[in-house]
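Okay, so here's the structure we're looking at.
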Amino acid sequence: MRQAGRYLPEYRAVRARADFLTMVKTPELAAEVTIQPVDILDVDAAIIFSDILVVPDAMGMRLDMVESRGPVFRAPVRSRADIDALKVPDPERGLRYVMDALSETKRALAGRVPLIGFAGSPWTLATYMVEGSGSKDFKHISRMMLDEPEALDRLLDKLATAVRLYLEAQIAAGADAVQIFDTWGGFLTPDHYRRFSLDYIFKIVSNLHRDGAPVIIFSKGANHSLTAIAEVGADAISVDWTVDLADVRTLLGDRVAIQGNLNPSYLYASPEKIRHEVKSILMKFGAGSGHIFNLGHGIFPDVPVEHARALVRSVKEESPAFHV
Ligand code: CP3
């Protein structure tokens, strides 16, 4: 969950020389900051430095990253005509820089750890494309969803195709696994979640030529639908910190691996307390494999690096007891 980023002085040093999108679009810089957390934190996998919003950018919406405001699309998608004007990009062309960043990173990692690729879910991408930026009330997409569901379906359908092609290209470029981030799935009611988010994730996963690469789904806040998510055909499900991992394991059994789920805010506490929380999560999951330890969402920019290191160290020291 956002390994690279502002909490790392080494990241900020690169960021001082280039803006965020330049970093994302320059394979050498993207590879450099992708590998930083592997060296600094000793994590067991790297996640490619990029952003979910490069897909709408390649579809023809110009993405801006505005300091202290986040991502902005100056011309949001509001009408049927706006949706029809979006193109489904050939990722080998329109998103070439991501594939180059992946192959450059693979080369530099030289097999040290696997490399994870990712994309946003159609629903989560649509929220940014329709709202034009991050949102609290989701007013425009709620209106579109209820007043013009056919228009939203058309947008989500285009996005599902674009995301599937994009993930396939990432796997071909060397991604060892891919994760679908559905950050805003939990905004929806359970019925609307299945209809407007999960069905399109299913469309991606069921058609994906994955060439053996595992697929991870993270629908933040959609804990009402974990069994439905497990039926989509992914290999792992990532969960936020509001569920008890023992309950999730009971519910899902060995059908899928489970990733999670430390509350990212707990990284503000002392390394001793972080270790205590790590142990409690490991005990919740219990003995055996099928658990990928992770945060329940992204790391905050002002978390002390020493605490992130303490987290990784604690997981490495405490987890072998569950694999005897
Ligand atoms: O290197 C890695 O660990 C990969 C990191 C990664 C980024 N974005 C880098 C980033 C990942 C996995 C993403 C995905 C992403 N982007 C999501 C889904 C996951 C999530 O966090 O819920 C979403 C919703 C976005 C959209 C996005 N990008 C937002 C809302 C923001 C602003 C966040 C903020 O705190 O200002 C971004 C910018 C962004 N993406 C940063 C990073 C490191 C911060 C950029 C900077 O100023 O340096």
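Computed from heavy atoms alone, side chains included, the values below leave out hydrogens, waters and symmetry copies. Just so you know, ligand 1 is whichever comes first in the structure, and atom 1 is the first atom listed for that ligand.
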ask   = Any idea which part of Met1 is under 4.0 Å from ligand 1, heavy-atom wise: side chain, backbone, both or neither?
value =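 Neither; nothing of Met1 gets under 4.0 Å from ligand 1.
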Side chain, backbone, both or neither: the part of Pro71 lying under 4.0 Å from ligand 1 by heavy atom: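 Contact part for Pro71 vs ligand 1: side chain (C-beta onward).
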Say whether [X] and ligand 1 are in contact under the criterion: heavy-atom distance to a ligand atom below 4.0 Å.
X: Met23; result: no
X: Pro37; result: no
X: Thr34; result: no

Report the nearest protein non-hydrogen atom to [atom]: residue, atom name, distance rounded to 0.1 Å.
atom: atom 21 (O) of ligand 1; value: Arg2 NH2, 3.3 Å
atom: atom 47 (O) of ligand 1; value: Arg15 NH2, 3.0 Å
atom: atom 11 (C) of ligand 1; value: Phe118 CZ, 3.6 Å
atom: atom 41 (C) of ligand 1; value: Phe20 CE1, 3.6 Å
atom: atom 4 (C) of ligand 1; value: Ile48 O, 3.5 Å
atom: atom 26 (C) of ligand 1; value: Asp51 OD2, 3.5 Å
atom: atom 38 (C) of ligand 1; value: Met65 CE, 3.7 Å
atom: atom 35 (O) of ligand 1; value: Arg6 NH2, 2.7 Å

Task: Atom pair CZ (Arg275) and CG (Leu282), whose distance is rounded to the nearest 0.5 Å - done: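 If I round to the nearest 0.5 Å, the distance is 10.5 Å.
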Show the atoms of ligand 1 that are less than 4.0 angstrom away from any heavy atom in [X].
X: Phe49; value: 1 (O), 43 (C)
X: Ser50; value: 6 (C), 7 (C), 8 (N), 9 (C)
X: Ala4; value: 1 (O), 2 (C), 3 (O)
X: His297; value: 20 (C), 21 (O), 22 (O)
X: Thr183; value: 18 (C), 19 (C), 20 (C), 22 (O), 24 (C)
X: Tyr128; value: 24 (C), 30 (C)
X: Tyr11; value: 43 (C), 45 (C), 46 (C), 48 (O)

Examine [X] against ligand 1 and note whether any of their N/O atoms are separated by less than 3.5 Å.
X: Trp184; answer: no
X: Gly5; answer: no
X: Gln3; answer: yes

Check your understanding: What heavy-atom pair brings Val55 and Tyr166 nearest, and what distance separates the two atoms?
Key ->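 Closest pair (atom of Val55, atom of Tyr166, distance): CG2-CD2, 3.5 Å.
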Would you call [X] and [Y] a side-chain contact if the rule is heavy atoms closer than 4.5 Å?
X: Glu168; Y: Arg210; answer: no
X: Val43; Y: Val113; answer: no
X: Ile258; Y: Ile292; answer: no

Between Met129 and Val88, is there shared hydrophobic-cluster membership here, with clusters defined by ILVMFWY side-chain heavy atoms closer than 4.5 Å?
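No, Met129 does not connect to Val88 through the hydrophobic network.
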Next on the checklist: Tell me every residue that passes ring-ring contact (aromatic ring centres under 6.0 Å, His included) with His224, counting only those two or more places apart in sequence or in another chain.
Outcome noted: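 Scan of His224 (ring-ring contact (aromatic ring centres under 6.0 Å, His included), adjacent residues dropped) gives Tyr193.
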Salt bridge check, [Y] against [X]: does any charged N sit closer than 4.0 Å to a carboxylate O?
X: Arg6; Y: Asp302; answer: no
X: Lys284; Y: Asp247; answer: no
X: Glu306; Y: Arg313; answer: yes

**OP:** Check the side chains of Asp191 and Thr189 for a donor-acceptor pair under 3.5 angstrom, ignoring hydrogens and angles.
**Re:**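 Result is no, nothing qualifies.
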Solution key, residues 20-31 side-chain donor-acceptor pairs under 3.5 Å, sequence neighbours excluded:
residue: Thr22; atom: OG1; partner: Asp19; partner atom: OD1; Å: 2.7
residue: Lys25; atom: NZ; partner: Asp57; partner atom: OD2; Å: 2.9
residue: Thr26; atom: OG1; partner: Thr22; partner atom: O; Å: 2.6

Do the two ring centres, one from Phe293 and one from His291, sit under 6.0 Å apart?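 Aromatic pair counts; centres sit under 6.0 Å.
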Aromatic rings Phe218 and Phe181: how do their planes relate, parallel, tilted or perpendicular, breaks at 30° and 60°?
->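 The arrangement is perpendicular - the two ring planes meet at more than 60°.
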